[in-house]
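Protein chains get the first letters and strands the later ones, always in sequence-line order, with residue 1 at the start of each. All of these numbers come straight from a predicted model, not from anything done at the bench.
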Protein chains: 2
Amino acid sequence: MKPIGGPGRPAGSRANRPRQADIARLAGVSQPTVSLILSGGSAAVGIADETRRKVMAAAEQLGYMPDPIAKRLAAGQNNLLGLYTFTATFPTEMSHAYHPFLVGIEQESAAQGYDLLMFIASSVTGERPHAEVLNRVRLADGCLFMGRHLPIREMDRLLATDLPVVYLGRHDDFGDRLPYVGADYVTATAEVVRHLAELGHHRILYVRELDDAISAVDREAGFRRGMAECGLPVDRSTVVRTDGSDLTADRLRGWYEQGVTAIVTEATDTDAAHRAVLTAAATAGYRFPEDLSLATLGAPEHAVPGPAFLSGFSVPRREMGAAAVRLLTGLIAGDPSLARHQLMSCEPMPGQTAGPAR
Amino acid sequence: MKPIGGPGRPAGSRANRPRQADIARLAGVSQPTVSLILSGGSAAVGIADETRRKVMAAAEQLGYMPDPIAKRLAAGQNNLLGLYTFTATFPTEMSHAYHPFLVGIEQESAAQGYDLLMFIASSVTGERPHAEVLNRVRLADGCLFMGRHLPIREMDRLLATDLPVVYLGRHDDFGDRLPYVGADYVTATAEVVRHLAELGHHRILYVRELDDAISAVDREAGFRRGMAECGLPVDRSTVVRTDGSDLTADRLRGWYEQGVTAIVTEATDTDAAHRAVLTAAATAGYRFPEDLSLATLGAPEHAVPGPAFLSGFSVPRREMGAAAVRLLTGLIAGDPSLARHQLMSCEPMPGQTAGPAR
DNA sequence: ACAGGTTTCTAATGCGCATCAGATCTATCG
DNA sequence: CGATAGATCTGATGCGCATTAGAAACCTGT
């Protein structure tokens with residue numbers, strides 16, 4: 001702990017901020033009276049109008065702001081919503097993947113009267129980078145979690161406390177203990193496959209990333225379901241896993257010559273698979289949709305302004321962010337009627353990279 | 001305020017977590033001893049090894065985690081940096097203008113051990129949307145401000161308190177009272193003009209936005225200085241103000257026929273002027289740099305990945321964010337040796353939209 | 001005029017931790 | 001051997017607020 005000033009008043013920013021006691025002195029009442037008036041709900045019983053006026057005036061005059069820390073220590077709420085991303089919230093190398101979520105989160109937080117407290121894994125992180133932050137998180141009234149991979153152990157510990165928590169993404173491993181707002185990738189992906197099939201594609205490849213994030217699993221499941229529903233076969237070579245490095249132009253050419261007419265990729269926070277396909281196609285001289293059709297699951301919204309370029313579906317990130325905030329504030333308020341697991345549907349995007357099979 | 005459990009233990013998330021007192025009991029020592037051992041730095045003086053061992057063992061056994069709230073209440077500091085943007089921090093319609101700043105802010109905050117508290121102007125904003133938030137802001141140990149236009153009156157009030165504050169952008173109206181980290185637009189803009197002049201351009205137009213944000217003023221000043229230094233005349237028609245709507249293709253054509261060979265625009269959070277030029281040029285059929293040269297001051301970094309496309313200069317937004325955080329934490333720590341006004345230089349970007357004059 | 005009821009406020013206390021001024025006990029010295 | 005100097009630890013206290021029990025003043029009806 002950093003050294004602070006002598007006894008009496010700490011040296012920090014709270015140095016000479018007015019406290020309830022100051023208001024009390026100025027208004028000629030006691031501190032608890034001030035507390036009652038300032039935070040005791042709108043219809044605080046048993047306070048004379050005259051007293052209330054005096055206190056309010058004094059508070060106004062001093063520019064009083066309740067100390068959220070003390071408030072929380074004493075009672076339990078400070079109108080702060082935590083936001084913790086398991087990677088940097090504002091990543092450098094990644095595309096601005098989280099931005100749309102943040103837009104929704106910010107708007108809805110404001111609407112609900114909460115401020116956002118962004119927790120950041122400190123740089124000095126050893127083996128369990130999240131352990132420390134997941135503790136700090138309790139500063140807020142509740143916390144929103146984002147990130148492709150959820151640290152199971154730490155989350156388990158956090159869920160053992162009763163801090164309200166919402167995860168932005170589907171995650172059923174914790175059952176009802178972990179409320180979430182996710183996207184219905186399965187349905188949306190199946191829909192994309194069906195659309196391609198209707199365009200005459202029969203040899204469709206699914207190029208996905210290496211890691212098994214839940215969204216990736218869902219998408220593959222949706223792909224398989226879509227293929228099945230359209231009567232298209234799926235064998236070992238239909239689903240390709242790559243981190244991008246091994247997806248060469250030659251390999252793509254090979255697929256093309258074997259009769260593949262459409263490729264489905266997924267957009268992630270790195271977009272590795274998706275970019276690899278684009279690069280390989282550019283190198284091989286294939287154009288979309290003339291030579292090959294391309295559908296990108298969860299097309300990144302930041303790609304290009306204007307009408308959607310990529311075919312596929314778009315994740316309603318903004319709405320998801322807002323819904324997550326609503327769920328969280330509901331949980332904080334103790335609303336029992338809330339659906340703790342919410343899946344939002346993704347809008348199909350016709351786009352310009354998918355067309356009739358050649 | 002939410003009702004909590006009976007006296008003794010609150011019903012909140014702190015339900016039955018072990019406290020230092022529990023450890024103390026188990027180890028047969030006093031609570032302050034536990035505090036000393038657990039948080040009194042590595043080489044806490046005057047603690048017998050035997051005692052330390054016992055306490056550590058007890059803490060381990062109980063799975064103790066310090067309560068961050070109590071910790072901060074006692075320490076008088078909460079390791080929170082406020083961040084307030086005078087518009088939405090995650091704007092919908094604007095380009096992701098603030099993102100690079102946020103990257104730097106996030107990284108440096110983490111490095112300094114602070115979390116970020118994002119304040120949001122509540123939606124119910126009347127005439128003075130910022131008044132309420134600028135009050136809430138005092139909840140953090142210090143606060144960073146962003147946004148093209150700074151609400152003078154509210155800022156003045158805030159500066160009257162001793163809350164450490166840093167503004168991201170140049171702003172000298174408050175003199176030394178308002179510390180800031182800005183960008184040296186004047187020098188960088190003059191440099192851009194010089195570059196164009198060296199490419200043979202003599203008729204250079206400056207297309208700027210309507211509003212008189214300080215950055216806009218600085219850029220125009222830099223433009224004029226650059227022109228002067230190159231011996232190029234500037235008259236009333238050399239500087240064009242627009243919100244984009246009146247910048248038609250015809251008007252651009254007119255300039256072209258009057259011998260204008262280069263246009264300088266500025267990138268802002270809306271990019272109105274810059275976009276208008278691009279649109280008009282596209283409509284008129286002009287290409288950059290073949291028909292016209294274009295330089296964009298503060299080229300948006302998010303435009304296109306890969307080698308810089310736009311000529312001009314880039315604002316070191318990330319570094320500015322980090323520098324602002326360093327300045328703020330320095331102020332919080334009470335470091336008197338800090339330069340309260342910092343201007344960072346912008347890197348020239350050759351880009352691909354400026355070439356030799358036709 | 002007095003018991004019983006209201007209204008309005010205050011004293012006391014605790015939240016979990018950190019800090020500080022001693023208290024206690026042991027080592028060291030002249 | 002009394003005295004001084006560490007070495008270790010503890011009691012008391014405060015951080016700013018919320019909560020609760022109950023004091024004080026003020027009514028009401030009989």
Side-chain angles (χ1 to χ4, degrees), chain A residues 1-25 27-41 44-52 54-55 59 64-78 135 138-139, chain B residues 1-25 27-41 44-52 54-55 59 62 64-78 138-139:
Chain A
M1 216 49 1
K2 227 171 286 186
I4 62 171
R9 285 293 177 84
S13 64
R14 304 219 289 285
N16 35 30
R17 275 174 43 168
R19 300 163 293 172
Q20 290 188 347
D22 297 319
I23 299 180
R25 208 171 305 124
V29 298
S30 73
Q31 174 265 320
T33 303
V34 175
S35 173
L36 272 181
I37 294 178
L38 293 184
S39 36
V45 285
I47 296 290
D49 279 355
E50 170 62 15
T51 307
R52 179 189 304 277
K54 275 193 308 189
V55 168
Y64 172 76
M65 257 310 278
D67 183 327
I69 306 284
K71 203 164 180 167
R72 179 112 178 106
L73 179 62
Q77 175 147 6
N78 52 18
N135 193 34
R138 301 175 47 238
L139 263 179
Chain B
M1 219 55 358
K2 216 181 302 181
I4 62 171
R9 285 292 178 83
S13 60
R14 303 205 289 286
N16 34 29
R17 291 180 19 152
R19 302 164 291 174
Q20 290 189 346
D22 298 321
I23 299 179
R25 208 171 308 123
V29 298
S30 72
Q31 175 266 319
T33 304
V34 175
S35 173
L36 271 181
I37 294 177
L38 293 183
S39 35
V45 286
I47 295 290
D49 280 355
E50 171 61 15
T51 308
R52 179 188 304 277
K54 277 193 305 187
V55 168
L62 294 178
Y64 173 76
M65 275 303 243
D67 183 331
I69 305 189
K71 208 164 179 158
R72 289 170 187 200
L73 178 61
Q77 175 166 3
N78 48 26
R138 304 171 57 198
L139 184 158

Please list, chain by chain and in numerical order, all residues satisfying side chain to side chain donor-acceptor pair (under 3.5 Å) with B:Thr33, sequence neighbours excluded. B:Ser30
Rounded to 10°, the helix from C:dA1-D:dT30 to C:dG30-D:dC1 deviates from straight, judged by its five-pair end axes, by 60°
Could you give the CZ-to-P distance, from A:Arg17 to D:dG16, as a whole number of Å? 9 Å
Report yes if a side-chain nitrogen or oxygen of A:Ser35 is closer than 4.0 Å to either non-bridging phosphate oxygen (OP1 or OP2) of D:dA18; otherwise report no. yes
Nearest-0.5 Å distance that lies between atom CD1 in A:Ile69 and atom NZ in B:Lys71: 13.0 Å
Nearest-Å distance for atom pair OH/C1', residues B:Tyr64 and C:dG16: 7 Å
Output the rounded distance in Å from CZ (A:Arg52) to C1' (C:dC9). 13 Å
Rounded to whole angstroms, how far apart are CG on B:Leu73 and P on D:dC15? 9 Å
Nearest to side-chain heavy atoms of A:Ala48, which nucleotide of D:dC17, C:dG16, C:dT8: C:dT8
Atom CD1 of B:Ile47 to atom C1' of D:dA7: distance rounded to whole Å? 10 Å
Side-chain atoms of B:Ala70 come closest, of C:dC17, D:dC17, D:dT19, to C:dC17
Expressed as a whole number of angstroms, how long is the span from A:Asp67:CG to C:dC17:P? 17 Å
Shortest non-hydrogen contact from B:Val55 toward B:Ile23: O-CG2, 3.8 Å
Looking only at side-chain N and O atoms, does A:Thr33 come under 4.0 Å of OP1 or OP2 in C:dT10? yes
Going by side chain to side chain contact (heavy atoms under 4.5 Å, CB included), name the residues that satisfy it together with A:Ala70, two or more places apart in sequence or in a different chain. A:Asp67, B:Leu73
Atom pair distance, as rounded to whole Å: CD1 in A:Ile69 and P in C:dC15: 18 Å
Give me the atom names and distance for the closest heavy-atom approach of B:Gln31 to B:Ala21. CG-N, 4.3 Å
Side-chain N or O of B:Gln31 less than 4.0 angstrom from OP1 or OP2 on D:dC9? no
B:Ile23 CD1 to C:dA18 P, in whole Å, measures 11 Å
Given C:dA18, is OP1 or OP2 found less than 4.0 Å from the side-chain N or O atoms of B:Ser39? yes
Between A:Arg72 and A:Arg138, is there a donor-acceptor pair closer than 3.5 Å when you use the side chain of the first and the backbone of the second? yes
NA contact type, B:Val29, heavy-atom cut-off 4.0 Å: base, sugar-phosphate, or nothing? sugar-phosphate
Among C:dG16, C:dC9, D:dC9, the nucleotide that comes nearest once only the side chain of A:Thr51 is considered: C:dC9
Of all heavy-atom pairs between B:Arg19 and B:Tyr64, which one has the smallest distance, and what is that distance? C-CE1, 3.8 Å
Which is more 5' along DNA chain D, the nucleotide nearest B:Gly28 or the one nearest A:Gln20? Just name the residue. B:Gly28
